[in-house]
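To find a chain, count down the sequence lines: A is the first, B the second, and so on, and within it residues start at 1. Note that the coordinates shown come from a computational prediction; the quantities given were computed from them, not determined experimentally.
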Protein chains: 2
Amino acid sequence: MTTEDRVIASMRRMIVEGALAPGEKLTVAALATRLATGVTPVRAALKTLEAEGLVEAHPNRGAWVRRLAPDDIRNIYRLRRAVIRLLIPDVIRYISDAELEELDLLEAGFEAAVVQDASAAMAANEDFHIHLFSIARNRDAAAVMSRSWALVEALRLRLGFGPGRLARSVESHRALLVAIRRRDAAAATALAVASSDQAMEDLLHRAGEDKAGSRTALALRHAP
Amino acid sequence: MTTEDRVIASMRRMIVEGALAPGEKLTVAALATRLATGVTPVRAALKTLEAEGLVEAHPNRGAWVRRLAPDDIRNIYRLRRAVIRLLIPDVIRYISDAELEELDLLEAGFEAAVVQDASAAMAANEDFHIHLFSIARNRDAAAVMSRSWALVEALRLRLGFGPGRLARSVESHRALLVAIRRRDAAAATALAVASSDQAMEDLLHRAGEDKAGSRTALALRHAP
DNA sequence: GTTACCCTGATTCTATCAAATATGCTCGCT
DNA sequence: AGCGAGCATATTTGATAGAATCAGGGTAAC
């Protein structure tokens, strides 16, 4: 693992956890000092995070932690839904028995993590989905899902982690795996879309609540 | 315009025109020399081109011009179709009379460029589509379209520029504008999708022809 | 034939510095 | 007081040198 990867991971975590607040200016020199590294990996990391939508950059002006309005959340989830609709039928089309077993393994890992540690659970959840989408053999579409993952999970971690959220994820995964095993493309797609929509609704609901008055440090505010 | 932008534009052009061949190794130092600049803008440009799918990079190994197989073309167009289906109805929902006029202007510019210079026509075509998609107010989805634009146009320039191709683009634009003006979301979406599918078919057809024996320097080969 | 080792080229990273750019402020003018 | 021109400063962007790290190929020993 390279320094750049570490910087990306650190910055993602800091943004997700609020150590870097939405709208905060990100100066390369300050970040390099803070992360005890040079400026080169920081510059590269900012590019990656910009592509992921966590950071907003303007030429000759600098970079900021992206502020996300509720409409942005809706739009991101609608983009993901469109790509899910594209990918899941191809997953069914191409999946082999070996890959299905691999998915079962990843799901087992996820369920094991769920009962222990939320951050491990999220990592396992990401592994599960990245691998799932990779089966569709559409690298560019899978890249869209991977790129927006950090953004979505950032939101979910800050807003959508109500009690039972992870348990419902487990339910969704299991139902999806059943449909995939049956090679039922329509059912699998519907399940995946429903699961994504449910996550979106959770987020929007919490975002709405928050806007209504909570003082939690929040990723959700309308752009100035 | 910054040096980084110039490097990105130059490298895009070189890849599109074949000065940088598919599969070719891209070493930062060599590119910096060739483009008479430092390594800093080159490194940044490679990140951008990687996000666009023109370049493939592996940690600690370096970067290469991406090789594109016919399946990749199909997949990229299917991704774009999914996002078009998402965006066009929102374009209809949000478009104002002023924006419609702006689109008319851009279309006029495109048609003026068509009769003169292919490269200007492609730039104008990009302007038209970028602006069109921006109207849907879904920044992340529009970013997917923008990012894959270079890739698609790279292919089209190398493979799909048969006689009448640009004329058919003009036809498509006009029909699309009529449907948008009528606020007919279904028709507009169908037209946009059909236009994209048509471009894809053109490309695949030419790619197939080429694979069958032509000696043209080609972007299309199966990965090793 | 296989394994271990080294060597080479390239990438990656650090550490600076110079140049270009944006922004805010002061100062003078109306 | 209000306002704009010009300057000062901070930051980004670009350039450069050199160390550290890594991948891959070749060689030699086993």
**Student:** State, yes or no, whether a side-chain contact exists between A:R139 and B:E56 at a heavy-atom distance under 4.5 Å.
**Tutor:**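 The answer is yes; the side chains approach within 4.5 Å.
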**Student:** How are the rings of A:H173 and A:H129 set to each other: parallel, tilted or perpendicular (split at 30° and 60°)?
**Tutor:**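 Because their plane-to-plane angle is over 60°, the rings of A:H173 and A:H129 count as perpendicular.
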**Student:** Salt bridge (Lys or Arg N to Asp or Glu O under 4.0 Å) for B:E50 and B:R66? Distances and angles first, verdict last.
**Tutor:** CA-CA 9 Å; B:E50 191 190 354; B:R66 182 176 176 190; over 6 Å; no
**Student:** Tell me: CE of A:M1 to P of D:dC22, nearest whole Å?
**Tutor:**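 It works out to 13 Å between those atoms.
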**Student:** Please identify each residue that fulfils side chain to side chain contact (heavy atoms under 4.5 Å, CB included) with B:R81, with sequence neighbours left out.
**Tutor:**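 Here the qualifying residues are B:R78, B:R85, B:V193, B:D197.
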**Student:** Could you give the CD-to-C1' distance, from A:E50 to D:dT13, as a whole number of Å?
**Tutor:**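 That distance rounds to 15 Å.
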**Student:** Grab the N/O contacts between the protein and nucleotides 10-13 of chain C below 3.5 Å, and write none if there aren't any.
**Tutor:**
from	atom 1	to	atom 2	distance (Å)
C:dT12	OP1	B:N60	N	3.2
C:dC13	OP1	A:T2	OG1	2.8
C:dC13	OP1	A:T3	N	2.8
C:dC13	OP1	A:E4	N	2.9

**Student:** To the nearest 0.5 angstrom, please state how far the CG atom of B:D127 sits from the CG atom of B:L105.
**Tutor:**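 Here the rounded value is 12.0 Å.
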